*Asks:* 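Sharing a structure, written as structure tokens. Questions coming.
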There are 2 protein chains.
Amino acid sequence: MTDLAPHELRVLVAVEEEGTFTSAATRLGTTQSAVSHAVRGCERKLGAVLFERGRHGARPTEAGARAVGYARRVLRLLATMGAEVRGAGADGPLTGTLRIVAFRSVAAHLLPPVLARLAERHPGLGTRVRIVREIGRGTAGEVADGRADLGLATLPAEGPPPVPGLVTARLYEEAYALAHPQGHPDPRRLPLVDWDENCGSYTRRWWREQDWIPPATVDVEDDAVAVSMVAQGLGMAIMPATALLGAPPGLAVTPLDPNPPTRLVGYVTTPELAPTPAVRALIRELRDLPLPEGLAPARTQPARPGATR
Amino acid sequence: MTDLAPHELRVLVAVEEEGTFTSAATRLGTTQSAVSHAVRGCERKLGAVLFERGRHGARPTEAGARAVGYARRVLRLLATMGAEVRGAGADGPLTGTLRIVAFRSVAAHLLPPVLARLAERHPGLGTRVRIVREIGRGTAGEVADGRADLGLATLPAEGPPPVPGLVTARLYEEAYALAHPQGHPDPRRLPLVDWDENCGSYTRRWWREQDWIPPATVDVEDDAVAVSMVAQGLGMAIMPATALLGAPPGLAVTPLDPNPPTRLVGYVTTPELAPTPAVRALIRELRDLPLPEGLAPARTQPARPGATR
DNA sequence: CGGGTTCCATCGATCCCGCTCATGGAAGCG
DNA sequence: CGCTTCCATGAGCGGGATCGATGGAACCCG
């Protein structure tokens, strides 16, 4: 019996991500001792040292990195197995629970109608939405780690998706616009409100082409906070259309003609989950969503990462 | 913790293959009671009845068949994991055994050179080829159920692949041609030899456009039998180029200009196995195979099943 | 250099899970 | 009705995983 049990696989993944036996243990809700034992057990079963232990925690060896990769795949497959076996009835009604992650603005403004229609068409299908900040690995990381079935993510304008091994497709493209207090005589003299999550890569090029710079910059934590600060007259912001959908009164939006920066929004899921009826139903609803003004469908390059070749 | 442990997966597979709790138990070197407990545990974890128990033993339900398929895939992945982690030396030599399924004509005429070159480049990598008739779910079904790592299959001209959840890509397209006895004055007056496996969907459209119909039809079991019957002068047949590769003397082939029916041949594997070095090596050899005359590379639409749309 | 901190390893006690061994019920067969 | 062949169930046991505590190693810092 040389196969690793699911809990051992989870330990390997946790250790690799946390970088430390101790924090892996807390993440798994267990003790450092158990993690130590589990890792040793894995190493004995596989016949290879998986992590270099040292002062700085645990770093995966060559073999360890490989093992962690396999561990993720096995765990994903097991998760898919559960989902698929439950929703067995061929073309019967879908059941189970879809775990969705999204960043705030999409979760607030685009997801509700999608989920409503999904629930209407598939009453047996539950959904659980978690909001994750699109920093670090963002929503794609949640999907890659098996903590969600589908994620809504911002995608790079071109090139491969940031997290390899996932299925990615574009949903829409949206322009950034200038949000400023209603009736302000010269909004460009106001301080710029920026927020952590706002990945500069989309707007950087645009800023370089401008011949004005904001007098000051205020950093806030969240785009919703930025919106409300602008609405209160405390600044102006360059925001994507989605974030401005629920704009409160007192906030005006002027487009950034003629060449506004844009960003791509799409979904991310795993190759195993993608063909699943439940995920497909959700994707269908996402695609069929009538886009609010300012959001343009981005049909091209549905894209798969590494499958072929 | 709803995941199934490896020993539980093994129990499911054994029960499905043995058809009986008792014999599954002896095969696993354990007791019937343990098997019963294990199966109930699986059912509880997955939330579905997996086997119909009755006088005749245990038959998998719809959900059970699905679960067993996943179980085989997970076990295979775990086995691969063990092999691969041990042989960690970066790009070290590949090891293990690739289980390949193919239908007869491909296995007989295309696979040998591929396997020879694969063996030459990766001496440590074993291969096992099983021939499966391309009826029912065909080779793709074997792959989906975890009984093979890669299958060579006929693909539908368009639309999604028949078995969802698998990775599919085209390899080549081949034309059907008229096979008839050498020197026969009017082969179209001979009876048509057809065989079970010959999925009519490829040739049906072509037949509709013809202004002649064969005087009779003979059904045989296998395309090899059809070839030899034609060679003996007992009829004529409309056959794909691959099946005619080893054509015996006495058999002549005339193309069906100008618009012959064609069929697509490609490979099928699972998303977990596709990134595996061994499978990738095999796919590389398949793609690099110099195609015999009559077989045209079909580059377009490398294709993923359900990912997009 | 000697506390303080942060890692991992190890050890004995404990607990849980899975196994075995019985036994029982149901369904066919003669 | 006894025999056989299925699977289900319950009691008891044993091994393995977990826990909590302790120890040791490496590093930081005044």
Side-chain angles (χ1 to χ4, degrees), chain A residues 1-61 63-65 67-68 71 74-75 78, chain B residues 1-61 63-65 67-68 71 74-75 78:
Chain A
M1 201 58 55
T2 167
D3 292 332
L4 272 52
H7 67 91
E8 294 178 302
L9 302 176
R10 254 181 281 273
V11 167
L12 293 187
V13 172
V15 168
E16 194 259 3
E17 288 175 6
E18 298 288 333
T20 268
F21 283 18
T22 312
S23 54
T26 62
R27 162 164 153 186
L28 294 170
T30 179
T31 65
Q32 171 265 325
S33 171
V35 171
S36 178
H37 275 124
V39 171
R40 289 189 87 77
C42 294
E43 291 178 329
R44 192 170 37 76
K45 285 183 184 178
L46 292 177
V49 178
L50 301 180
F51 292 95
E52 280 174 9
R53 285 83 143 171
R55 177 80 192 92
H56 308 289
R59 283 182 203 156
T61 63
V68 170
V74 172
L75 289 174
L78 283 170
Chain B
M1 207 54 53
T2 167
D3 292 331
L4 270 53
H7 66 91
E8 294 178 303
L9 301 176
R10 255 182 280 272
V11 167
L12 293 186
V13 172
V15 168
E16 195 258 5
E17 287 177 4
E18 297 288 332
T20 269
F21 282 20
T22 312
S23 54
T26 61
R27 161 163 153 186
L28 294 171
T30 179
T31 65
Q32 170 267 323
S33 173
V35 171
S36 178
H37 277 129
V39 171
R40 290 190 86 77
C42 295
E43 292 178 329
R44 191 170 37 75
K45 285 183 184 177
L46 291 177
V49 178
L50 301 180
F51 292 95
E52 280 174 8
R53 285 84 144 169
R55 180 83 193 91
H56 308 289
R59 283 180 203 157
T61 62
V68 170
V74 171
L75 289 174
L78 284 170

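Just so it is clear, the structure is predicted and the values come from calculations on it, not from any experiment. Lettering of chains follows the sequences in order, A, B, ..., and the numbering in each one begins at 1.
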*Asks:* Would you check if A:V11 and A:C42 make a side-chain contact, meaning some heavy-atom pair closer than 4.5 Å?
*Replies:*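 No. Closest side-chain heavy atoms not under 4.5 Å.
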*Asks:* Expressed as a whole number of angstroms, how long is the span from A:H7:NE2 to C:dC17:P?
*Replies:*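 Answer to the nearest Å: 12 Å.
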*Asks:* Can you see which heavy atom on A:L78 is nearest to which on A:P6, and at what distance?
*Replies:*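 Where A:L78 meets A:P6 most closely, the heavy atoms are CD1-CG, 4.1 Å.
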*Asks:* Considering only heavy atoms of chain B and a distance under 4.0 Å, specify the first and last nucleotide of DNA chain D in 5' to 3' order that meet this criterion.
*Replies:*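 From 5' to 3', the first and last contacting nucleotides are D:dT5 to D:dG10.
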*Asks:* Where is the tightest heavy-atom contact between A:T61 and A:V49, given as atom of each residue plus distance?
*Replies:*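 Closest heavy-atom pair between A:T61 and A:V49: OG1-O, 2.8 Å.
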*Asks:* Assess whether side chain to side chain contact (heavy atoms under 4.5 Å, CB included) is satisfied between B:Q32 and B:S36, documenting all intermediate values.
*Replies:* CA-CA 6 Å; B:Q32 170 267 323; B:S36 178; 3.9 Å; yes
*Asks:* For residues 23-34 of chain B, which residues have at least one heavy atom under 4.0 Å from DNA chain D?
*Replies:*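 DNA chain D contact set from residues 23-34 of chain B: B:Q32, B:S33.
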*Asks:* To the nearest Å, give me how far apart CG (B:L9) and P (C:dG18) are.
*Replies:*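 To the nearest whole Å, that distance equals 13 Å.
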*Asks:* Indicate yes or no for a side-chain donor-acceptor contact from A:R53 to the backbone of A:F51 under 3.5 Å, with no hydrogens or angles considered.
*Replies:*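 Yes; at least one donor-acceptor contact below 3.5 Å.
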*Asks:* Examine distances only and state if a side-chain atom of B:E43 and a backbone atom of B:L50 form a donor-acceptor pair shorter than 3.5 Å.
*Replies:*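 Answer holds: yes.
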*Asks:* Just how far is it from atom NE2 of B:H37 to atom OG of B:S33, taken to the nearest 0.5 Å?
*Replies:*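 OG of B:S33 is found 5.0 Å from NE2 of B:H37.
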*Asks:* Starting from C1' on C:dA9, measure out to CD on A:E43 and report it in whole angstrom.
*Replies:*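 Atom CD in A:E43 sits about 12 Å away from atom C1' in C:dA9.
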*Asks:* Rounded to the nearest 0.5 Å, what's the gap from CG on B:L28 to NE2 on B:H7? Could you check?
*Replies:*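 The CG atom of B:L28 sits 11.0 Å away from the NE2 atom of B:H7.
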*Asks:* Shorter than 3.5 Å, N or O on both sides, protein versus nucleotides 27-30 of chain C: list them out with atom names.
*Replies:*
unit_1, atom_1, unit_2, atom_2, d
C:dG28, O4', B:R55, NE, 3.3

*Asks:* Heavy-atom distance under 4.5 Å between the side chains of B:L4 and B:L12, does that happen here?
*Replies:*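 A side-chain contact exists here, since the closest heavy-atom pair is under 4.5 Å.
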*Asks:* How many whole angstroms separate atom CZ of A:R59 from atom P of C:dT6?
*Replies:*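 These atoms are roughly 18 Å apart.
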*Asks:* So which atom in A:T30 and which in A:A34 form the shortest heavy-atom distance, rounded to 0.1 Å?
*Replies:*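 For A:T30 and A:A34, the tightest heavy-atom pair comes out as OG1-CB, 3.4 Å.
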*Asks:* Can you give me the closest heavy-atom contact between A:K45 and A:D3, atom names plus distance?
*Replies:*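 Closest approach of A:K45 to A:D3: NZ-O, 3.4 Å.
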*Asks:* Measure from the side chain of A:S36, starting at C-beta and using heavy atoms only, and say which of C:dG18, C:dC7, C:dT10 lies closest.
*Replies:*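 Per side-chain heavy atoms of A:S36, the pick is C:dT10.
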*Asks:* Let me spell it out: for each of A:A38 and B:H37, pick the nucleotide of DNA chain D with the closest heavy atom. Which residue's pick is nearer the 5' end?
*Replies:*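 Whichever sits nearer the 5' end wins; that is B:H37.
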*Asks:* With a 4.0 Å limit, can you tell me whether A:R40 has a side-chain N or O closer than that to the phosphate oxygens OP1/OP2 of C:dT10?
*Replies:*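 For A:R40, the contact criterion (side-chain N or O under 4.0 Å from OP1 or OP2 of C:dT10) is met.
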